[in-house]
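See structure below.
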Amino acid sequence: MNQGLNHPPPKRESDAEASRIAPRSGSLSERARAAAAPAAYLAGLNHEQRLAVETTEGPVLVLAGAGTGKTRVLTTRIAHLIATGRARPSDILAVTFTNKAAREMKARVGMLAGPAAEGMPWLGTFHAISTKILRRHAELVGLRSDFTILDVDDQIRLLKQVLQAANLDEKRWPARQLASHIDGWKNRALGPDQVPHGEAAAFANGRGAELYRHYQERLKILNAADFGDLLTETIRLFREHPDVLAQYQQRFRYMLVDEYQDTNVAQYLWLRLLAQGREPGHRNLACVGDDDQSIYGWRGAEVDNILRFEHDFPGAVVVRLERNYRSHAHILATASHLIAHNEGRLGKTLRTDDEPGEKVTITGAWDSEEEARLVGEEIEALQAKGHNLSEIAILVRISAQMRELEDRFVQLGLPYRVIGGPRFYERMEIRDALAYFRCVAQPADDLAFERILNTPKRGLGDATVQVLHAHARAARIPLMEAARFIVETEELKPKPRGALRELLSAFSRWSSLIDTTPQTELAEMILEESGYTEMWQKDRSAEAAGRLENLKELVRSLEEFPDLRAFLEHVSLVMDAVENDTEDRVSLMTLHAAKGLEFDTVFLPGWEEGLFPNQRALDESGRAGLEEERRLAHVGITRARRRAKIFFASNRRIHGLWNATIPSRFIDELPEDHVEVTEAPAAFSYGGYGKSRFDEVDSFSSSYATPGWQRAQNRGGFSGGGSRGGFAQGRGGYGGASGSGRGGLLIEGELVAKSSGPASEFAPADRVFHIKFGPGSVAAVDGNKLTVDFDKAGRKMVLDSFVQRQG
DNA sequence: CGGAGCGGGATTTTT
DNA sequence: TCCCGCTCCG
């Protein structure tokens, strides 16, 4: 044992093949020295982390709970492989999901292993690595090595053309929907011929697979690949060309995968193909992930991949990282207790030696406006105590929740920043500018050409596009080339012909400069001469100034690249821009966007049934959907280091209508010992009859996923047994107004109204009166929630305190 | 060809 | 309620 603790037997040394293909980076003496000195990079790792780092041979699954040092393990593992001479940087395949993660990993490996790790050539996203491989062997999958990568916009436009060619009504069969089907199929590595019959039938009367095929054909003609293709075409390459596959199998002696719980079927196959090159016991594949943080099922991630790891890779060592270094004990206990309600999980118990800290707070607000007000007040209070705003985050379930919070922050003059949302390269003006650059660098890029043909307006509308398309298709040439022919004919009216001729000569001019002019200069010239900059200068809308600013930023960012082509390659894969905002502001983002981040204080508003867990997730995916929502809640709580603050409102505006809401079932799943229900100060400044007080629950009235609720729905009658309770409004609220005397449930600041609590005073068939919906009869009772068939308004779910007994 | 007006839809989002 | 995308008309 030359490597110290838990080092596995050096099987590799006896692996003749591996030795042959793997010259070591250091001499024997260097390796021996590295082995003898207790490596500095291992210092400070706990036992499990060290095991995860040092189990280099064979398949390893590292289950890394939130805040347990996952990235540290991953980067240290790479450093360890290099420092011990097991692998050169170029022998290691390290895959991440996002460019951000790849960047961070590169930086951290560099810090640990020094220049030896410089330029890990195979550290990157699935997509970036796939692109690199595909460009080398493009011709084997029917592409040229300079194929373009389509962004979502391009994809949609292309699909619209496919739908039009198929004579389908775009209203009835939207391109977006087809795109999501195709993405789904590609996520599962299904080609047009492998689409299950039933699924193909779901679109355009069974023409789904056919359209998918046409789309793929169009892509090949355009010499283009969409994001899904980057993976599926690589898989096809590997399957159809075993020699190519073998080459990569030999190259990647060690493989690491980050966020394994987020892999989809295609990514799984991709990995498995590469891992299979070795003897089963020597598949050096280390996957790091957390099944409890799998929140991307809706876009194809298969939690199953991680749940099945030991089955897929027999002999796998599973290491659990359960020691949390992030959160105070109350927070951790709360998150753990909540996530324990999930059944589909491998099971981990996070622990910490940290102090208990503050309990997780739960605060009920009257409505979403008040909720926003309370959040704002608490933030101001923290600020007054000297907390940095940048250590505070507000995590919401859906973006629509942000608006009210933002409104409030603006009123308070509280600096905030929204994380996520449209990214830099997704902005219209950036895409337009990039389309110009693409046309200059790749004159055959039809989609780019079409995008800017009439932007800014130059009188080249639909009619012109049709003519160009017809010629291009007939002659099997790119649009720009077709355009060059057409301007020499009488095909177009004089005006558009002149405009087109002018545009073409501009492109010729720019293209001729591409190798001689500095790229920033060329870019500025293009934007200037095309009239694009002028278009925004003339625009008097509020955003115009920002757009011009973005264009400047774009030109500036060009400086970091050797030329325009290199820049375009970067941009097509890296759709994010590095943020360098250092101002002290609170962060506002969705729970999804928060994964991987941490803050001292985390606000979690909107914990209401229907919103969170989100009704749509429940409707679409049933129990699996509920569990994913619960994981989302778990992710939210575990973002907090010192304070987690949960809020719910009793009334929320949805699509402009006020809806009465009930607290999220997740609130009832929190451990009472670690949470505290706080009173909403000044919660009832509304007095009297708030505008939102008497309102319906109708948008949430579709079936809940809990068995009890479904039973109730089916039977139309129901008593007790439900899993959800609720919180009373602090202060007894409107008890007096309701007249139904539910005082027993309205205990100040207490966890009340569990379904096992006092039975409702109402029973099915009772006649009731609702101030808004009028008279109706009770159909079902669940604790303090009634399902009422209103004579005029139909079936609604309401809280019993909103109705009065009649007759 | 381009602006105004209308209807439908409205989680989560990376590459 | 609000936003986007398409249709209709000038």
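Order of the sequence lines sets the chain letters (A, B, ...), proteins ahead of strands, with each chain counted from 1.
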Exercise for the section: State which residues pass side chain to side chain contact (heavy atoms under 4.5 Å, CB included) with A:Ala593; sequence neighbours excluded, sorted by chain then number. Expected result: A:Met589, A:Thr590
Handout entry: Base B:dT11 paired with A:Arg397 side chain (donor-acceptor, <3.5 Å)
Key = no
Problem - Sugar-phosphate, base or nothing in reach of A:Lys595, heavy atoms under 4.0 Å - result: nothing
Practice task
Determine if A:Trp298 stacks with B:dT12; use a centre-to-centre distance below 5.5 Å and an interplanar angle below 30° as the criteria.
Solution key: yes
Problem - Phosphate OP1/OP2 of B:dT14: any A:Thr125 side-chain N/O under 4.0 Å - result: no
Handout entry: Side-chain N or O of A:Ser399 closer than 4.0 Å to phosphate OP1/OP2 of B:dT11
Key = no
Handout entry: CD (A:Gln164) with more than 12 external heavy atoms under 6.0 Å
Key = yes
Practice task
Can you figure out which of B:dT14, B:dC1, B:dT11 approaches the side chain of A:Asn614 most closely?
Solution key: B:dT11
Exercise for the section: Would you indicate, yes or no, if B:dT15 has its OP1 or OP2 atom less than 4.0 angstrom from a side-chain nitrogen or oxygen of A:Asn99? Expected result: yes
Exercise for the section: Report yes or no: do A:Asp226 and A:Tyr215 form a side-chain donor-acceptor pair below 3.5 Å? Expected result: yes
Problem - Residues A:Arg397 and A:Glu629 bridged, charged N to O under 4.0 Å - result: yes
Handout entry: Polar contact flag, side-chain donor to acceptor under 3.5 angstrom, A:Glu371-A:Gln401
Key = no
Problem - Comparing A:Asp183 and A:Thr464 on DNA chain B - which has the more 5′ nearest nucleotide - result: A:Thr464
Practice task
Using a cut-off of strictly less than 4.0 Å, decide whether A:Asn454 has a side-chain nitrogen or oxygen near OP1 or OP2 of B:dG2.
Solution key: yes
Fill in the blank from the handout: Contacts of A:His592 and A:Val152 projected onto DNA chain B by closest heavy atom; the upstream (5') one is A:His592
Handout entry: Any A:Ser130 side-chain nitrogen or oxygen under 4.0 Å from OP1 or OP2 of B:dT15
Key = no
Exercise for the section: Using chain A heavy atoms and a threshold of under 4.0 Å, write down where along DNA chain C the contacts begin and end, 5' to 3'. Expected result: C:dT1 to C:dC6
In a table with atom names and distances, give each donor-acceptor pair under 3.5 Å that connects a side chain of residues 174-182 of chain A to protein atoms at least two apart or in another chain.
residue, atom, partner, partner atom, Å
A:Ser180, OG, A:Gln177, O, 3.1
A:His181, ND1, A:Gln177, O, 3.2

